[in-house]
Amino acid sequence: MNDMTGAGDDALALLPELLLLIGAVGGLLLGLWTPQHRQWRVRVVVLVACVASAVTAAVGLAGEDRRVFEDLWVIDTTTGVVRITVALAVAVAVWLVSASLSGHPRETEAYVLMLLGALGAVALAASADVLLLVAAYLLASVPLYALAGYTKDARATEATLKYYLMGAFAGVLLLVGAAALVLAAGSTGYADLAAALPEAPAPLLAIAVLGVFAGVAFKAGAVPLHFWVPDVTAGTAPAMAAYITTIPKLGAVAAAFRLVDEPFADVPLDVPLLVAVVAALSMTLGNLAAFAQTEVLRLLAYSTVSQVGYLFMVVAVAGRTELAVPALAVYLAGYALTNLGAFAAAAVLGHARSIEEWAAAARRRRALVVGLVVCLLGLVGTPPTAVFVGKLAVFTAAWDGGLAWLVVLAAVNTVASLFYYLRWIAPATVAVPTGSPAADGSGGHEVRTMTTREQALTAPPVTVHALAAASLILGVGSGAWLAVALP
Amino acid sequence: MNALLIAVLAVPAAGAAAVGLLPARLDRAARLLGVAVAAVTLVAAAALYRPGGAWSGYGVEGYDVRPWHSVDVPWVPDLDLRFHLGVDGVSYPLVVLTALLTLLCCAYTLKHVPEPGAGRKLVALLLALQTGVLGVFLALDLLLFFVFFEITLLPMYAVIAVWGGARRRRAARKFVLYTLAGSVLLLLGVLAAGSGAGTLQLTSANFDGGVLVFALFALAFAVKSPLWPLHTWLPDAHTQAPTVGSVMLAGVLLKMGTYGLIRVGLGTAPDGAERLAPVLGVLAVAAIIVGSLVCLAQTELKRLIAYSSVGHMGFVLLGIATGTAAGIEAALIGNVAHGVITGLLFFLAGAIKDRAHTGELAELGGLRETAPRLAGLLGFAAVASLGLPGLAGFWGEAFAVVAAVQVGGPLWTTLGVLAAVGAALTAAYFLRLLRLVTHGPAATPPLAGITRAEWVAWAPLVLLALVLGLAPGLVVDMASGAVDALTGAAR
């Protein structure tokens, strides 16, 4: 009897995940019996599941740190933060995607796959066992392959194939790493690994660490496994790209954080240095590649690569400074908000691929430009946006953890990043002189075509403004968020 | 009184939002509201004064800020960020100067809206800018200081990029890039100083930064001040900015650099400051000489005044570099005087350019025939700026030189002498300016007289230039306690 109640408690501890799962399965079943034009019902179910999941996760944060299901699953601050962030981010992404997906023959499937991918991201963050990590990796990958190729056109197909092949390759590396860990320590649980790995032979450990990190870096889109990011991002609809570049990263970064913090904490290899180098490469190469981009989505894609670099800074100092967990909590939330906001801005004018087209189309939508500017400056880390506090916390944590060189590099990168964000902001904010009859004539035509589009797309502009506002609010109120996240 | 401190920041911030959000048809009402907000802010800022000061002398050990008023509440406790504000004798004059110049700029914008219009947005940006600058002067937490320092960047960028001259985009971009580079150094300095001292509160006496920390801060603030050779963004930004933008830039934004150097640089890294003082001194004198020589060759009115700022700020930085009480007091009065006089000069330059439609010195001339009152005011401002005794500009320059000579030794004596030569050059280029612009045959048809809005905006500055010239003690006395404590630590 005791065992059974214990299992019941354990199951309840996973209520946020269960709610996501229920949302996915319930949505799928409902979608099967719902006519094409009424699929908004599925959307409602999915959104309710996400919000409920976030709420239960927030409630769960107040509880003690613990491990459930025979130490497979950790429930602590990091998990809690990822649970809340992922659930809310998926809700936003679903809402954003719904604008272009409404009435689509495969609408329900998209929502379900998005929820499953989110579940995988949470599992990545929470797993305390390498085998669970592998399973979570698959759960966070397979739905995304389908989502990446959702539009089924040439670009999407090519991107999906690339994504899938790289994913399979990284998955194999992850499995090799897991096997090496089993060889080295005879166990897969993080607690056992942490105890046994310091005595393990170094070559085996090196294979294990590299293999496992390859898998995680692929999910996070970090250099050198970032090649899928720009192709997949540019190959899908902007709203879907927002999901693909946000959700799995949250889980992957948390997974890397846990790996460095626990099983790899005392290994005789310089794991933090490895992570720091990955961070440095990601932010630098991401920025350098972004300079030359002329497409909105590719620019944002490379920007996410550099953002992962900043996030990995805090992974590098995991367990070495008490600022690491708060820094992760702020940056993850700030990144999710701001990145979704920037992609939402791209989604509002989804037909505009290049920066010039976007700027031209946004000419009469000053409010949208304001939202975009807030989000892009948020990505730079301008005060008082959320990413600013996140970057600040990450920089402080890295400095505290003895990685001053990385902080200097990151600071230089931050300034450099402004250049390419400005390449988008500048044409969008150009004041257009109005008044000449010719301009009015063509402008009137433009406005008409815009309004027909607008009727289809009301969700993205709302999302942009809501997220821009949320980014500012979280920036100023990050104290409150941390008070919730770190009881 | 703490509520007053909050109000000084909250009023312009709320005002900026309110003014900016009003619709276009209420443009004039919005600008009036902006003026009212700026006026309330000025009153609140002035009311921060505490007669006699609250300086109970030196800190127990080293530098120890004891503000007249302070607000200290946790902001992000988990990251040890605090919302810590305070005002003392060093910051008070600058706070009032900022509030005053913003009010004058807002009032000026009631009548004179530069192209492409939308004056309410310009006023909103000015108020946002004011919030940031006041925050810089009031912050007693290093990170908060950094945050406000950053916040000033965007409004100024927008002011230049939207309401500026023909080549405004380039100038605005240059301004942003230079300033951002400075910000990175500042952030690194904050992290280095904070990790060394274990705190970010400027009121702490724990700071003992070395050469690295001071070098980071000095470079960061040198970009902002600007110190030669990092000044090249300034002439472009000034030339392209609208009149009110130039006034805010010269009168207020540059002061953040020198104030930061005193408060943050000297305050957190006294040892480093002492060791790097010769470098700073040499660069400051180089700025004075180079600035003056470039001014002698300038052919454009606003550009000339912009370069004159480089020279004037050189004097301020020289005063700081000496590290003596006299030098820092000279820097403080020089700071305020430069804000008042150069603010006035830019107002006048803007007015002349608006009327004559050119800023080329060769195409101006005979201003005392075509616009005698304008010419008179320009003469007054130029004479005040070149450091005529009895006007505000004199004290900062004279005492910076005196302080340098007092430090003694071959280096500082040479620097003092060179700075004095620079002062003479300053006189030379301002007299050249007057000869070209006010004297000679009239080059333009008679220009419009000075409007009422212009009188309202300029009169306070004219008066202040006189009052500070006659009674520099107004600024120096209230800061002396703070300065003594600062140099006590720096020595």
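In the text below, chain A, chain B and the rest are named by the order of the sequence lines, each starting its count at 1.
- The only option from B:V184, B:L185, B:L191, B:L188 that meets the side chain to side chain contact (heavy atoms under 4.5 Å, CB included) definition with A:V408 turns out to be B:L188.
- Ranked by non-hydrogen atom pairs under 4.5 Å with chain A, the options B:L153, B:I151, B:L177 are led by B:L177.
- Neither the backbone nor the side chain of B:V190 has a heavy atom closer than 4.5 Å to any heavy atom of chain A.
- Contacts of A:T382 with chain B are made by side-chain atoms alone, with heavy-atom separations under 4.5 Å and no backbone atom involved.
- The contact list for residues 390-407 of chain A toward chain B, using heavy atoms and a distance under 4.5 Å, reads A:L392, A:A393, A:F395, A:T396, A:W399, A:V407 by residue number.
- Rounded to the nearest 0.5 Å, atoms CH2 (B:W75) and CG (A:L482) are 11.5 Å apart.
- The line from CG of A:L418 to CZ of B:R173 is 11.0 Å long, rounded to the nearest 0.5 Å.
- Contact count versus chain B (heavy atoms, under 4.5 Å) is highest, among A:T414, A:V476, A:V389, for A:V476.
- Summarising the geometry, atom CG belonging to B:L187 is positioned 7.0 Å from atom CZ belonging to A:F388; distances are rounded to the nearest 0.5 Å.
- For B:A192, the parts lying under 4.5 angstrom from a heavy atom of chain A are both the backbone and the side chain.
- Heavy-atom distances place the side chain of B:L143, and not its backbone, under 4.5 Å from chain A.
- Note: A:L422 CG to B:L180 CG = 8.5 Å, rounded to the nearest 0.5 Å.
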